[in-house]
Amino acid sequence: MAVQGLVIEKVTPGSIAAELGMEPGDRLVAVNGLPVEDILDYRFLTCEEELTLTLIKANGEEWLCDVEKDFDDDLGVDFTGGGLEPIRRCQNRCLFCFVDQMPRGLRPTLYVKDDDYRLSFTQGNFITLTNLRERDLERIIRQRLSPLYISVHTTNPALREKMLGHPRAGKIMEQLHRLGQGGIEMHTQVVLCPGINDGVELERTVRDLVNLWPAVRSVAIVPVGLTRYREGLFPLRPFTREEAGEIVEQVQTWQDHCLERCARAVVFASDEFYLLAEKEVPPALRYDDFPQTENGVGLVRLFLDVWEQVSPSLPRALPCPRKVTVATGVLAERVLAPVVDRLNEIENLAVELAVIPNRLFGPQVTVTGLVSGKDILAALEGSNPGQTLILPAVMLRQPEQIFLDGMTVQELSSLLDRPVIVVDGPAGLVEACVKC
């Protein structure tokens, strides 16, 4: 039987919890007689101004602690595992699962397949809803765990069961309707696989999801990611340039419809589709409030808009000669090349753009965020990449600054024997380039 309640890891000095005598190792099992399963229960139940806390002390004693506080007062405790353990694991066997295509030796957390609605609410992780029980749906609605981020992929029940490899995957529309009627906002994604859920199937999916507006706030369409580690897996192929262009045109048509109907674009193609199709990304108006940047939707537009703001204030010359290298993935070369050309117009500044092939996952993976430390080392070792190497923050897990393969920025800097600066956006890039 699972142990109930949350184990206290830390008590803030001078807090309500400290005054009550709560200590690390104590277990909070109930608030006002209602069980506490995780951090969400804790936050939901402790909003009241009058509380009775049920504690199991480390020595086994049971304490009842009465608390009177203001509505927004925090008790001052942290729980082990952030109060979310154990994490609910994925039960699907998706045809396109990226984790199944990863080599050994990467950061251990990358191999964890979570499908936990609590992480969707707290961290924006995408979930499939296939492991939701009735009590989970009731809790989501009761506690207003909104917004949620949901991987739909297709609204065709039979096709979704096939794509996700789960017998309950076909209930997706029923679940979305239920959540929408309960007041839950949803951001959805479609991982698009050529010849499987594109074409008429994609038309159906987008139509079904848009008809759930305003509960469904966004629909992101992203291309399937394929590595070189697919032996024995379902046969899939990447999109061609022409196919990517067709997706972009479809999305523009859907956006036109949604802007007229909802005054919002709602449906988005990931930046990868525009870059693959060699088409300009839309203006900011077509990204609403940029709800899915973590999914690679709208990052290029944000970059270009900020670059337009900072580029007019570039200096004419630097007081001392400076040479730097800016690293990027293959796909982003088209975005960064004009930026680097403009920076090279500054007197005394030489900027080289290093386009890093992805040796870790293979040549079909071209996005910057999946470039590893060893990829950069292999591309630049033995070359002369300037006084400083500049990396985009998207390559790293923050704040630790660790690459997918576990290499740190400090290790890369030591191996290349030159400083490495991590930047976030055009303003950071300019500052790193012009600072003598």
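Just so you know, these numbers use all the heavy atoms, side chains as well, and skip hydrogens, waters and symmetry mates.
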Find out whether Leu45 and Asn32 are in side-chain contact, i.e. whether some heavy atom of one side chain is under 4.5 Å from a heavy atom of the other.
no

Atom CG of residue position Asp289 - does it have more than 12 heavy atoms of other residues, nucleotides or ligands inside 6.0 Å?
yes

Passes side chain to side chain contact (heavy atoms under 4.5 Å, CB included), Leu164 versus His153? Steps please.
CA-CA 9 Å; Leu164 272 62; His153 308 316; 3.7 Å; yes

Where do Gln175 and Leu129 come nearest, in terms of heavy atoms and distance?
NE2-O, 3.0 Å

Is it the case that over 12 heavy atoms from other parts of the model lie below 6.0 angstrom from the CZ atom of Arg168?
yes

Do Ser218 and Gln292 have a side chain donor and acceptor closer than 3.5 Å?
yes

CD of Glu174 to CD1 of Ile172, rounded to nearest 0.5 Å, is 10.0 Å

So for atom CG, which belongs to Asp424, do other residues, nucleotides or ligands contribute more than 12 heavy atoms lying within a distance under 6.0 Å?
no

Say you draw a straight line from CG of Asn156 to OG1 of Thr205; how long is it, rounded to the nearest 0.5 Å?
7.5 Å

For a 4.5 angstrom cut-off between non-hydrogen side-chain atoms, does Val310 reach Leu429?
no

Do Phe403 and Arg107 have side chains that approach each other closer than 4.5 Å (heavy atoms only, starting at C-beta)?
no

List the atom of Ala265, the atom of Leu259, and the distance in Å for their closest heavy-atom pair.
N-CD2, 3.6 Å

For Lys69, does the NZ atom sit with more than 12 other heavy atoms under 6.0 Å from it, leaving out its own atoms?
yes

Output the distance between atom CD1 (Ile141) and atom CZ (Arg178), rounded to the nearest 0.5 Å.
5.0 Å

Quick check: do Leu212 and Met173 have side-chain heavy atoms less than 4.5 Å from each other?
yes

What salt bridge (Lys or Arg N to Asp or Glu O under 4.0 Å) pairs are there with at least one residue in residues 91-100, not counting sequence neighbours?
Asp100-Lys113

CA sep, side-chain torsions, deciding dist, call: Asn125, Asp116, side chain to side chain contact (heavy atoms under 4.5 Å, CB included):
CA-CA 8 Å; Asn125 292 15; Asp116 196 318; over 6 Å; no

Derivation and outcome, side chain to side chain contact (heavy atoms under 4.5 Å, CB included), residues Arg133 and Leu137:
CA-CA 7 Å; Arg133 299 160 292 184; Leu137 286 167; over 6 Å; no

Among residues at least two apart in sequence or on other chains, which ones pass side-chain hydrogen bond (donor to acceptor under 3.5 Å, both in side chains) with Ser120?
none

If every non-hydrogen atom of Phe361 is compared with every non-hydrogen atom of Met102, which pair is closest and at what distance?
CE2-CG, 4.1 Å

4.5 Å side-chain heavy-atom contact, Val222 and Gln189
yes

Tyr149 and Phe126 aromatic ring geometry - parallel, tilted or perpendicular at 30°/60° bounds:
perpendicular

So that I can tick it off, tell me whether Glu138 and Arg135 are bridged by a salt bridge, with the cut-off set at under 4.0 angstrom between side-chain N and carboxylate O.
no

For Ala169, is there any backbone N or O sitting under 3.5 Å from a side-chain donor or acceptor partner on Arg160?
yes

Can any side-chain N or O of Arg301 pair as donor or acceptor with the backbone N or O of Val281 at less than 3.5 Å?
yes

Are side-chain heavy atoms of Trp254 and Val266 found at a separation under 4.5 Å?
no

Minimal heavy-atom distance between Leu391 and Ala327, with the atoms involved, is CD2-CB, 3.6 Å

Could you tell me whether a side-chain N or O of Asp405 sits under 3.5 Å from a main-chain N or O of Gly105, the two making a donor and an acceptor?
no

Given the rule in the side chain to side chain contact (heavy atoms under 4.5 Å, CB included) test, do Ser15 and Val77 qualify, once you have shown the distances and angles that lead to the verdict?
CA-CA 8 Å; Ser15 65; Val77 292; 5.8 Å; no

What's the shortest heavy-atom distance between Gly21 and Trp63, and which atoms?
O-CZ3, 3.9 Å

Would you call Leu276 and Phe239 a side-chain contact if the rule is heavy atoms closer than 4.5 Å?
yes

Checking the side chain of Asp208 only, and the main-chain atoms of Thr155 only, is there a donor and an acceptor separated by less than 3.5 Å?
no

Heavy-atom count around Gln143 CD within 6.0 Å, excluding the residue itself: above 12?
yes

Please identify which of these residues, Val394, Leu389, Leu396, Ile390, meets the side-chain contact (heavy atoms from CB on, under 4.5 Å) condition with Val422.
Leu396

If you take all heavy atoms of Asp198 and Leu192, which pair is closest and at what distance?
CA-CD1, 3.9 Å

Residues, nucleotides or ligands: over 12 heavy atoms within 6.0 Å of Lys10 NZ
no

N-O pairing of Asp115 and Arg89 below 4.0 Å:
no

Could you check Leu349, Val434, Ile346 and say which one makes a side-chain contact (heavy atoms from CB on, under 4.5 Å) with Arg322?
Leu349

Exam field: side chain Asn197 to backbone Cys193, donor-acceptor pair closer than 3.5 Å
yes

If you count every heavy atom of other residues, nucleotides or ligands that lies below 6.0 Å from Glu431 atom CD, does the total exceed 12?
no

Return yes if some donor-acceptor pair links the side-chain N/O of Asn358 with the main-chain N/O of Leu370 below 3.5 Å, else return no.
yes

Glu49 CD to Asp72 CG distance, which is reported to the nearest 0.5 Å
9.0 Å

Could you tell me whether the side chain of Asp41 and the main chain of Glu37 form a donor-acceptor pair under 3.5 Å?
yes

Check for a donor-acceptor pair, side chain of Asn92 on one end and backbone N or O of Cys94 on the other, with a separation under 3.5 Å.
no

Tell me whether Gln101 contacts the main-chain N or O of Thr227 through its side chain, where contact means a donor paired with an acceptor under 3.5 Å.
yes

Let me confirm one number: the OG1-CZ distance from Thr388 to Arg418, rounded to the nearest 0.5 Å.
9.0 Å

How long is the gap from CG on Leu404 to CE on Met395, to the nearest 0.5 Å?
10.0 Å

Indicate yes or no: at least one non-hydrogen side-chain atom of Leu412 is less than 4.5 angstrom from one of Leu377.
yes

Between Asp26 and Lys57 (salt bridge meaning N to carboxylate O under 4.0 Å), is one present in this structure?
yes

N-O pairing of Arg139 and Asp38 below 4.0 Å:
yes

Decide if the gap between the ring center of Phe79 and the ring center of Tyr42 is smaller than 6.0 angstrom.
yes

Thr122 side chain vs Arg118 backbone, donor-acceptor pair below 3.5 Å
yes

